[in-house]
Amino acid sequence: MKSISLLLTLPAALAYIWPNPQLDGLEDAYTIAVGFAANGIVDSISPCTLSPGDSSDQPPSGTGRQTVAEWLRTAYHDMATHDSATGLGGLDGSIGYETDRPENVGTAFNTTMSFFNVLQTSHFSFSDILSLGVTLAIKNCGGPSIPFRPGRIDATEAGPPGVPQPTESLETHVSEFARQGFNATEMIGLVACGHTLGGVHQVDFPSIVTNAITPDNQEGVVHFDDTFGVYDNRIAVQYINGSTVDPLILNSNSDAAIFGSDGNQTMREFAGDSDFFISRCGELLERMLNTVPSSVQLGDVIEPLTVKPYQPNLFFNATGGLQFSGSIRIFGTSNEAAAANPLDMPVKLVWTDRHGTSSPSYTTPAVSADFLAATSLFGSLQFFQFDVDLDTSLGISSFVVDWAYDAQSALTTADNGGAGFPFQDVVVFQHAASCHGAVNKNSTINAVIRNDMGTVSNAYVDYHFTSNQQGTLAFKQNTIRTTLVHAGNSTSPLYDTYSASFVVNDGFLSVDASIVTFDLVAVVGGQTYQSLDNPQLFTPC
Ligand code: HEM
Ligand SMILES: *[C@@H]1O[C@H](CO)[C@@H](O)[C@H](O)[C@H]1NC(C)=O
Ligand SMILES: *[C@@H]1O[C@H](CO)[C@@H](O)[C@H](O)[C@H]1NC(C)=O
Ligand SMILES: *[C@@H]1O[C@H](CO)[C@@H](O)[C@H](O)[C@H]1NC(C)=O
Ligand SMILES: *[C@@H]1O[C@H](CO)[C@@H](O)[C@H](O)[C@H]1NC(C)=O
Ligand SMILES: *[C@@H]1O[C@H](CO)[C@@H](O)[C@H](O)[C@H]1NC(C)=O
Ligand SMILES: *[C@@H]1O[C@H](CO)[C@@H](O)[C@H](O)[C@H]1NC(C)=O
Ligand SMILES: *[C@@H]1O[C@H](CO)[C@@H](O)[C@H](O)[C@H]1NC(C)=O
């Protein structure tokens, strides 16, 4: 009995302990849709009909293209070369090397690659951020919430061909889907779950679509159903009641053959029950996104953390004062969370000093502001900013967050699974005299390291950046490790200055510095201290 009641108190998915560099960026990208700290994925697909490069506050470009449909098709074509017998291929970004194949006609693939490659970081692959983008896109169009697992690894070359084409026979389609790991019933489902968005482009399939090009529809798109901007079962409803507009039924036979291949049973179920369509598509698309080479092990489902620090940062000012600033994100799915006014929410940080000691004075409020407004597709979230002067000699080792949704409620303590949010003050990045170089130029990163804790036996910077690679638009991740060399005293008598200079050049075809981050690591008195994932906010050299 005891173990049962214990099980019932466990949350649906276990939250991970912050910080986790492998997961933090993806968790942010999953949780923060629009506003402060958002990465632009959801903005570029809101509304669901938006075309690549368009934004909701400007007149449409009139291409007729639909970004979400292109992302979903890209993910399917990337996965479609999977061989369930050999375990090779799957959602691995190999599509980037395969865009010149007849089975991948159209500019959708490279446009999608170019959108997501600039969101890659050293902590997750192109195929992970593409899969996450598809997950958000389906949800944002009114479709299912698809659980997202991280851990996809990008291919470094093309895989074998194998994407179904509309000219192929039903038997060929059935065997292609079987190779991908989907039986004949699941094939019907997956095609319907894809062909509820977007359509067929005349410029790419002139034998299927004709006379569709107009100034407002420059690529001549004919949609699969009458609600291409909503993730719904209209593809099935219209098919079953004889009002379909799907060009792969009217002007070609592939959708007709597939949809009718079980005597219309699946499509009838989809047409009759929109909730069933949504939930079945959620399952099938989840399997599609999780179809990866057998050598790849995906991680646990990412769920939004309830309370999470965002870019907490220590900094020495010009007179040697130690400042601690950053933001706190609070996420919830309750009605209370949805109704909360962040201006009325009490939120405060309570820290322990570098000796692990508490004091009533070790606290500071975190406050809301207009520019911190943000939304999530999965619940409500609020950000709160803090900025406090620390006593340099006492420093900091961890903090918790005491908070409530309104001033009347008792405060809850968010303690990151028990031990608080760890935060070290031993190795600290210094903006002053730090600068990043363009390609072939010197970059310098300055840090200060505490000088009363024993010998600094090792200290270095890991500088992470992306570079172009031949044959695909997905970026390659690179790391340059450079020793931090003792450079003298600092503005604080308790810290010495260290400096690393390095050149980002040869061997890298080209560098995209927009998503550079760097880690500082120092081994002091035999203990390792890390300042991870510092964003490149400092100035060019
Ligand atoms: C036998 C299987 C399939 C065939 C023959 C097929 C064929 C096609 C064709 C010819 C187009 C038009 C592409 C263009 O004009 O750009 C298209 C579009 C699309 N397909 Fe499929 N497809 C199949 C399965 C799937 C699956 C399983 C999915 C995803 C789950 C999917 C998702 C899409 C989407 C979202 C579009 C719209 C793209 C856009 O509007 O840009 N397809 N498909
Ligand atoms: C496909 O698998 C599902 C179970 O996932 C099963 O219900 C269905 O009958 C199978 N269809 C075929 C044609 O084997
Ligand atoms: C099909 O269903 C839609 C509404 O669900 C309706 O507008 C349309 O008239 C129907 N067509 C036929 C042929 O029944
Ligand atoms: C399936 O539905 C389509 C469209 O309504 C129809 O043309 C076809 O005859 C049906 N097939 C069967 C086997 O009922
Ligand atoms: C530096 O920080 C200290 C406290 O940490 C503060 O008293 C002082 O005003 C700050 N100086 C500057 C120039 O910001
Ligand atoms: C980069 O800067 C360091 C330190 O100032 C210097 O030793 C090195 O020669 C410079 N390298 C280049 C390529 O400029
Ligand atoms: C997509 O980009 C790759 C890499 O630049 C290029 O080799 C390929 O030809 C492009 N494909 C299309 C269809 O433009
Ligand atoms: C740093 O050392 C230099 C001499 O090496 C000294 O002139 C300067 O005052 C020191 N600065 C601080 C902040 O201690």
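If you read the sequence from its start, that first residue is 1, and numbering goes on from there.
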Could you pull out the closest heavy-atom pair between [X] and [Y], with the gap in Å?
X    : Y    : result
S122 : T517 : OG-OG1, 4.2 Å
P160 : T81  : O-CG2, 3.2 Å
A29  : L132 : CB-CD2, 3.5 Å
G379 : T333 : CA-CG2, 4.3 Å
S434 : T539 : O-OG1, 3.9 Å
T135 : Y30  : CG2-CE1, 4.3 Å

Next item on the list: Kindly determine whether E70 and T74 satisfy side chain to side chain donor-acceptor pair (under 3.5 Å), including the steps that lead there.
Entry: CA-CA 6 Å; E70 297 191 0; T74 301; over 6 Å; no

Would you please say whether a donor-acceptor pair under 3.5 Å links the side chains of [X] and [Y]?
X    : Y    : value
H464 : T479 : yes
S531 : N534 : yes
S94  : E98  : yes
S457 : T455 : no

Check: Do the rings of Y463 and F465 sit parallel, tilted or perpendicular, given the 30° and 60° boundaries?
Finding: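 If you compare the ring of Y463 with that of F465, the planes turn out tilted.
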
For [Y], does its backbone N or O pair with a side-chain atom of [X] as donor and acceptor, under 3.5 Å?
X    : Y    : answer
Q323 : N317 : no
T67  : L50  : yes
D406 : D344 : no
T31  : D28  : no
S409 : Y405 : no
Q477 : H123 : no
D92  : S127 : no
S46  : V42  : yes
Q424 : V426 : yes
N416 : I17  : no

Check: After noting the C-alpha distance and the side-chain angles of S490 and T497, does the key distance pass the side-chain contact (heavy atoms from CB on, under 4.5 Å) rule?
Finding: CA-CA 5 Å; S490 76; T497 299; 3.3 Å; yes

Notebook entry, point to check: Could you go step by step and tell me if F324 and V388 meet the side-chain contact (heavy atoms from CB on, under 4.5 Å) rule?
Noted result: CA-CA 5 Å; F324 179 42; V388 61; 4.0 Å; yes

Taking [X] first and then [Y], would you say they form a salt bridge - that is, a charged N and a carboxylate O separated by under 4.0 Å?
X    : Y    : value
K308 : D24  : yes
D496 : R450 : no
R65  : D54  : no

If you measure from [atom1] on [X] to [atom2] on [Y], what distance do you get to the nearest 0.5 Å?
X    : Y    : atom1 : atom2 : value
L473 : T99  : CG    : OG1   : 7.5 Å
L136 : I129 : CG    : CD1   : 8.0 Å
L390 : I396 : CG    : CD1   : 5.5 Å
S499 : N446 : OG    : CG    : 4.0 Å
Y460 : L520 : OH    : CG    : 10.5 Å
R329 : T306 : CZ    : OG1   : 9.0 Å

Margin query: I'd like to check the side-chain contact (heavy atoms from CB on, under 4.5 Å) partners of D415; sequence neighbours left out, ordered by chain and number.
Written below: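 Applying side-chain contact (heavy atoms from CB on, under 4.5 Å) to D415 gives V400, T413.
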
Sequence neighbours left out, what passes ring pair (Phe, Tyr, Trp, His ring centres under 6.0 Å) with [X]? Give chain and number order.
X    : answer
H77  : F109
F36  : Y310, F371, F383
Y495 : F316

Next item on the list: Determine, step by step, whether S398 and T352 satisfy the side chain to side chain donor-acceptor pair (under 3.5 Å) criterion, reporting the C-alpha distance in whole Å, the side-chain angles of both residues, the deciding distance to 0.1 Å, and the verdict.
Entry: CA-CA 6 Å; S398 73; T352 55; 2.9 Å; yes

Next item on the list: Starting from the C-alpha separation in whole Å, work towards a yes-or-no answer on side-chain contact (heavy atoms from CB on, under 4.5 Å) for D154 and Q120.
Entry: CA-CA 11 Å; D154 289 343; Q120 281 180 253; 4.1 Å; yes

Any side-chain heavy atom of [X] within less than 4.5 Å of one from [Y]?
X    : Y    : answer
L119 : F126 : no
L289 : V134 : yes
M79  : R287 : no
F148 : D128 : yes
L91  : S131 : yes
I302 : P150 : yes

Check: Just wondering, are more than 12 heavy atoms of other shown residues or ligands nearer than 6.0 Å to CG in N335?
Finding: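 No, not enclosed.
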
Report yes if the distance between the aromatic ring centroids of [X] and [Y] is under 6.0 Å, otherwise no.
X    : Y    : value
F315 : F429 : no
W71  : F115 : yes
F331 : F378 : no

Note to self: For S467 and K476: C-alpha separation, side-chain torsions, deciding distance, then whether side chain to side chain donor-acceptor pair (under 3.5 Å) applies.
What the structure shows: CA-CA 5 Å; S467 62; K476 179 172 179 280; 5.2 Å; no

Next item on the list: Return each pair, listed once, that meets ring pair (Phe, Tyr, Trp, His ring centres under 6.0 Å) where at least one residue sits in residues 341-364; pairs must be two or more places apart or across chains.
Entry: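 Qualifying pairs, neighbours excluded: W351-Y362.
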
Next item on the list: Please step through side-chain contact (heavy atoms from CB on, under 4.5 Å) for the pair K348 and W403, ending with a clear verdict.
Entry: CA-CA 6 Å; K348 58 178 180 168; W403 68 283; over 6 Å; no

Next item on the list: Could you point out which residue of T444, T482, T483 forms a side chain to side chain donor-acceptor pair (under 3.5 Å) with S501?
Entry: T444

Notebook entry, point to check: Do S55 and D43 pass the side chain to side chain donor-acceptor pair (under 3.5 Å) test, and can you show the C-alpha distance, the side-chain angles, and the key distance before you say yes or no?
Noted result: CA-CA 7 Å; S55 75; D43 274 314; over 6 Å; no

Notebook entry, point to check: For residues 369-392, which residue pairs qualify under side-chain hydrogen bond (donor to acceptor under 3.5 Å, both in side chains), counting only residues two or more places apart or in two chains?
Noted result: D391-S393

